[in-house]
Number of protein chains: 2
Amino acid sequence: MQTQMLKGILEGCVLKVVENDYHFSKEILEILNSHGFNNITEGTIFPLLIRLEKENLFEIKKIKTEYGPHRKYYRLNEKGKQELKNFEESWNHLYKTVNHIMKEE
Amino acid sequence: MQTQMLKGILEGCVLKVVENDYHFSKEILEILNSHGFNNITEGTIFPLLIRLEKENLFEIKKIKTEYGPHRKYYRLNEKGKQELKNFEESWNHLYKTVNHIMKEE
DNA sequence: ATAGCTACCTTGTAATACAAGTTACCTTTC
DNA sequence: GAAAGGTAACTTGTATTACAAGGTAGCTAT
């Protein structure tokens with residue numbers, strides 16, 4: 001059940017994480033997990049990033065590092081910011097609805 | 001996106017609705033929608049009820065009515081109440097996590 | 001007996017989390 | 001210079017679930 005509850009919500013959280021600052025995949029993972037997500041993995045985050053990239057929501061910078069392969073940094077573009085706003089509205093409505101139901105004795 | 005956000009969450013809400021009182025499918029639908037869900041339909045609720053019934057979470061009463069076919073009333077049994085508790089814990093953790101991320105400046 | 005209502009149920013599709021595996025680049029050590 | 005080890009990107013396959021659309025069947029009223 002835990003897994004299924006995430007669907008769609010994780011996407012909004014990723015948008016929020018890269019709203020203003022560039023981050024690459026591993027940073028995004030760490031930020032999400034440090035906020036309380038249980039154990040988001042690469043198998044989850046990569047398909048999601050690719051999906052959002054195809055929807056044209058990011059500015060992307062590829063940066064070479066001294067260690068290992070290049071890193072791909074993501075940040076929202078204007079369309080991404082709009083999408084984040086849409087998510088926030090949906091989320092606010094959803095969590096209030098659910099909490100309302102849960103608090104009926 | 002809206003649709004995907006529901007996944008798994010709706011199940012918990014249905015459990016809550018029939019926690020203490022018997023309700024049949026249409027009542028469950030109406031209660032959910034009246035609390036703010038957009039437009040849950042039968043195509044959503046029936047597979048869900050059948051799923052939960054197979055997991056043995058309900059007591060079920062079939063009642064004949066004067067109008068039309070019988071109604072199938074659902075209420076949680078002990079296992080269902082335990083499952084609801086699990087959902088509530090997961091949900092509380094999830095919505096706090098998401099709100100925490102969303103409120104970072 | 002036909003129409004209309006109500007209720008239950010089935011089938012098929014699309015979306016998405018996640019595990020498990022792959023490719024590739026760089027440094028360090030032998 | 002070959003091997004080992006680390007990091008980062010990406011791919012493939014599976015299970016789950018919301019939902020549309022359609023189907024079956026009982027009852028009442030005309």
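For clarity, every value in this text was computed on a predicted model and none was experimentally measured. Protein chains get the first letters and strands the later ones, always in sequence-line order, with residue 1 at the start of each.
Ionic pairing of B:K16 and B:E88 is present here: one or more N-O contacts between side-chain nitrogen and carboxylate oxygen are shorter than 4.0 angstrom. The pair B:R51-B:E11 counts as a salt bridge, with a side-chain nitrogen and a carboxylate oxygen less than 4.0 angstrom apart.
If you check D:dA25, D:dA18, C:dC25 against the side chain of B:P69, the one that comes closest is D:dA25. In this structure, of D:dT17, D:dC10, D:dC19, it is D:dC10 that holds the atom nearest to the side chain of A:Y74.
Counting heavy atoms from C-beta on, the side chains of B:F37 and B:L10 come closer than 4.5 Å. With contacts defined as side-chain heavy-atom distances shorter than 4.5 Å, the pair A:V98/B:Y95 does not qualify. Annotation: side chain of A:V18 is not in contact with side chain of A:Y73 (no heavy-atom distance under 4.5 Å).
A sub-4.0 Å separation between OP1 or OP2 of D:dT16 and a side-chain N or O of B:K7 is absent. The phosphate of C:dC18 (OP1 or OP2) has a side-chain N or O of A:T44 nearer than 4.0 angstrom.
Rounded to an integer number of Å, the gap from B:F46 CZ to D:dG22 P is 18 Å. Atoms CG (A:L48) and P (D:dC10) sit 13 Å apart, rounded to a whole Å. Taking atom CG of B:N39 as the reference point, atom C1' of D:dA20 lies 11 Å away to the nearest angstrom. Separating the CD1 atom of A:I45 from the P atom of C:dC18 is a distance of 10 Å, rounded to the nearest angstrom. To the nearest angstrom, P of D:dC19 lies 14 Å from CD of B:E11. Atom CD of A:E42 is separated from atom C1' of D:dT12 by 15 Å (rounded to the nearest Å). At whole-Å resolution of the value, CZ in A:R71 and P in D:dC10 are 14 Å apart. In this structure, CG of A:L6 is placed 11 Å from P of C:dA19, rounded to the nearest angstrom.
Remark on DNA chain C: of its neighbouring residues B:P47 and B:F24, the 5'-side contact belongs to B:F24, judged by nearest-heavy-atom nucleotide. Across the interface with DNA chain C, nearest-nucleotide mapping of B:K26 and B:G43 shows B:K26 to be the residue nearer the 5′ end.
Of the residues in residues 49-65 of chain A, those lying under 4.0 Å from DNA chain C by heavy-atom distance are A:R51.
Within the nucleic acid shown, B:T41 comes within 4.0 Å of sugar-phosphate atoms alone, with no base atom in reach, counting heavy atoms only.
In this structure, B:Y22 and B:E59 approach most closely via the heavy-atom pair OH-OE1, 3.1 Å.
Ring orientation note: the planes of B:H100 and A:H35 are tilted relative to one another, at an angle of 30° to 60°.
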